[in-house]
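Input: a single structure, listed below in structure tokens.
Below, each value reflects all heavy atoms present in this structure, side chains not excepted, and no hydrogens, waters or symmetry copies. Naming: A, B, ... by sequence-line order, numbering from 1 per chain.
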Amino acid sequence: MTLDFLGTLERTHMCGDLRSSDAKDLGSGETVTLMGWVNRRRDHGNLIFLDLRDRTGITQVVFDKEVSPEAHARAEAARPEYVVAATGRVRVRGEGLANPNMPTGEVEVVAQQLLLLNEAKTPPFPIADDVAITNEEIRLKYRYLDLRRPELQRNFELRHKVTRAIRDFLSDNHFLEIETPLLTRSTPEGARDYLVPSRVHPGHFYALPQSPQIFKQLLMISGFDRYFQIARCFRDEDLRADRQPDFTQIDLETTFPKQETIFRIVEGFLRAAFHAGGIELPAHPFVQMTYDDAIRKYGIDKPDMRLPAMVDLGATLTPELRETLKIDPALPVYGFTIPRVGELSGTQRKALVGEIRGSFGDTGLDFLDVARLRTNAAFVPLAEAIAAKLTAEQLVFNGENFTTDDLAIVITPKPGTPALWNYDPHWIPKRVGQLRLDLAKKYADKHKLFEPTKTAADFRFLWVTDFPMYEWNEEAKRWDAAHHPFTSPHEDDITTGRLTSDKGAVRALAYDIVLNGTELGSGSIRIHRQDVQAEIFRSLGMSDAEAKERFGFFLDALEYGTPPHGGIALGLDRIVMILAGATSLREVIAFPKTAKAIDLMVDAPTPVGEQQMRELSLKTVTRS
RNA sequence: GGGGACGUAGCUCAGUUGGUUAGAGCGCUGCCCUGUCACGGCAGAGGUCGCGGGUUCGAGCCCCGUCGUCCCCGCCA
């Protein structure tokens, strides 16, 4: 079978367009032309059905030997994924022939002509069945075919709509979209940089940006007032399901903001973005929580608000009880529930106990099983007191009482164990918080709190505020910037001199936006005074000379009338991922990389030829 | 750098205690079929059980190594 050329033929409709009204409107002799891929062929001998697919949908085309023997013959030769152009009349399907399962199911096209524009090898995995392919390797190698599947077509249409809604919202709110360089300067702190060797300057390297941080601050100094960018960023760190080395941020900065100014802007464009994705978020501001509260109540700086919080049960334990139960007299005792886990069998419960104890190892932590406490008369009052506290939290969480169907865990630190975790008061809550998430994941099938209902209730946003300014770096024995060194401390922490006297207690005007336990974005109010910036650099152990060498241009710029400013950057990929109900960024990035940062389709990275290496003054050495 | 899961036909998977010639569904090829839409019927092709080594009379199955993919910890200002 020879292939046809398109010639002068033009497409009149997309494959998702036609409805019964189109059949009525078309007078006799009028025809439509559809172009697309053969989704499926059903050959009944003298009658053949081809389902034509493009990104808008699928339309059934009928080939009747009596209507057009030529078209019928070509339809016989067509196979899945062939590219064809079908011309014919739209017909309302007869009684009982309509297919209510497809949007175009009330009509069909009776073909008079079929052009076979291109053939296709049998694809390595099915395109037509919208089923999950588990072989990620083959999906990525044949990414162009994977992307042809309806599921991914939907994801990228969603991504486009979300991006567009955000762009429109920010544009409507006086933000200017300005591009910043991709070839820029390495700032060797934070994530590892991707480096690009300079040909013109042997031994010198550009770095790809981890974020346009300094540039957007300079744009504020330049007086652009409000800036945004859908910015590609690069970080040479190990990957995760929600981390790719090459990713996209919605980056923005504005002059004269309070934190709340930034919050309202972000809430505004997220509302617009979710609206574009068919979700109406409520009009009220998102919930806010300080970093300290997040750690205390959830044991993590990005709480998943779809689950009930942890509860401090310390007050329910008298010193005598602590002694009897071998609990440290001074340390907090945490309890939490996983709702609707249901009755566990003796075997299941035993396995769970082993699992939890095993995960604690030699940490000094142990736990009480509330269900077992109840079986001992001496501890019934304690069990009741604990249940009362858990009930209170459950009421806050979802308006339900804690019941015996909810798995209740109480974590108890053995006496004298603080030394094991270096007296860090966050150690216990973080550890308990991790267990909370592990168990929530383990019993996800039972509590179903992670299952999409396709409503706004699926998306639990949270602002986390008042992050610590500094983080103790145990290895280097020094204080590092917890966020980045351009973040402003709270104003009182500057005036009280706490920057030098008590670094651990300094709070930053830094905030994260969290959605369902995923960090969507991070921002801060920046330092706009040269003297404060210089002091922060010094407090980070950077000498004035060193600060000048690394950020001299920026310190200079701060001296020319820098307005107070601040901003945020949100991961566009993560927003789309969660909105699409996906669990990996690969589902929303067109050409993603594997966990080892390989592009399986184009096969990158690769060694380069000697000529290219020589031009760049590069030589490969083998690392031992 | 560390931990875990997986790897059997093009795809999704099964494969018992180690036992003869490795299976199913879908897909693919050919033939038949005028109302299917996950069409149906008949026939057929298709396998380095990721790779290498070992144990054994005998390995898809056990052991060691290795490669790849995925998930997690570290890391990600």
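- Remark: the A:Arg235 side chain and the B:C75 base include no donor-acceptor N/O pair separated by less than 3.5 Å.
- By the stacking rule of 5.5 Å between ring centres and under 30° between planes, A:His44 does not stack on the base of B:U36.
- Using a 4.0 Å heavy-atom cutoff across all strands shown, A:Ala482 reaches sugar-phosphate atoms only and no base atom.
- Pair check for B:G25 finds B:C11; Watson-Crick or G-U wobble, both atom distances under 3.5 Å.
- Between A:Lys596 and the phosphate of B:G68, there is a side-chain N or O to OP1/OP2 separation shorter than 4.0 Å.
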Listed pairs, N/O of protein and of nucleotides 2-10 of chain B, under 3.5 Å:
unit_1, atom_1, unit_2, atom_2, d
B:G10, O2', A:Pro124, O, 2.3

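- Between A:Phe554 and A:Phe486, the ring center distance clears the sub-6.0 Å criterion.
- Atom-to-atom, CD of A:Glu137 to P of B:G68 comes out at 9 Å; the value is rounded to the nearest Å.
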Short heteroatom pairs, N/O only, protein and nucleotides 29-32 of chain B, under 3.5 Å:
unit_1, atom_1, unit_2, atom_2, d
B:U29, OP1, A:Arg79, NE, 3.1
B:G30, OP2, A:Arg79, NH2, 3.1

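- Residue A:Ala510 is out of contact with every strand shown, counting any heavy-atom pair closer than 4.0 Å.
- Partner assigned to B:G60 is none, using Watson-Crick or G-U wobble distances below 3.5 angstrom.
- Nucleotide B:U69: paired with B:A5 (Watson-Crick or G-U wobble, both distances less than 3.5 Å).
- None of A:Arg41, A:Arg53, A:Arg40, A:Lys121 except one satisfies the salt bridge (charged side-chain N to carboxylate O under 4.0 Å, His left out) rule with A:Glu81; the exception is A:Arg53.
- The base of B:G35 has none of its N or O atoms less than 3.5 Å from a complementary donor or acceptor on the side chain of A:Glu95.
- Taking only side-chain nitrogens and oxygens, A:Arg240 comes nearer than 4.0 Å to OP1 or OP2 of B:C73.
- In this structure, A:Arg526 reaches neither bases nor backbone, as no heavy-atom distance under 4.0 Å exists between it and the strands shown.
- Residue A:Asn46 is in base contact, counting any heavy-atom pair closer than 4.0 Å across all strands shown.
- Using P as the reference atom, B:A14 and B:A24 are 16 Å apart when rounded to the nearest Å.
- Pairs passing the salt bridge (Lys or Arg N to Asp or Glu O under 4.0 Å) check and including a residue from residues 505-522 of chain A, sequence neighbours excluded, read A:Asp492-A:Arg507, A:Asp493-A:Arg507.
- Nucleotide B:G46 is matched to nothing when pairs are restricted to Watson-Crick or G-U wobble geometry with both distances under 3.5 angstrom.
- A salt bridge between A:Arg139 and A:Glu587 is present, with a side-chain N of the basic residue lying under 4.0 Å from a carboxylate O of the acidic one.
- Across all strands shown, B:C37 has no partner, as no Watson-Crick or G-U wobble contact with both distances under 3.5 Å is found.
- For A:Arg40, a side-chain nitrogen or oxygen approaches OP1 or OP2 of B:C39 to under 4.0 Å.
- Residue A:Ser584 places no side-chain N or O under 4.0 Å from the OP1 or OP2 atom of B:C70.
- Residues A:Phe467 and A:Tyr511 place their aromatic rings such that the two centres sit no closer than 6.0 Å.
- For B:U12, neither phosphate oxygen OP1 nor OP2 lies less than 4.0 angstrom from any side-chain nitrogen or oxygen of A:Arg139.
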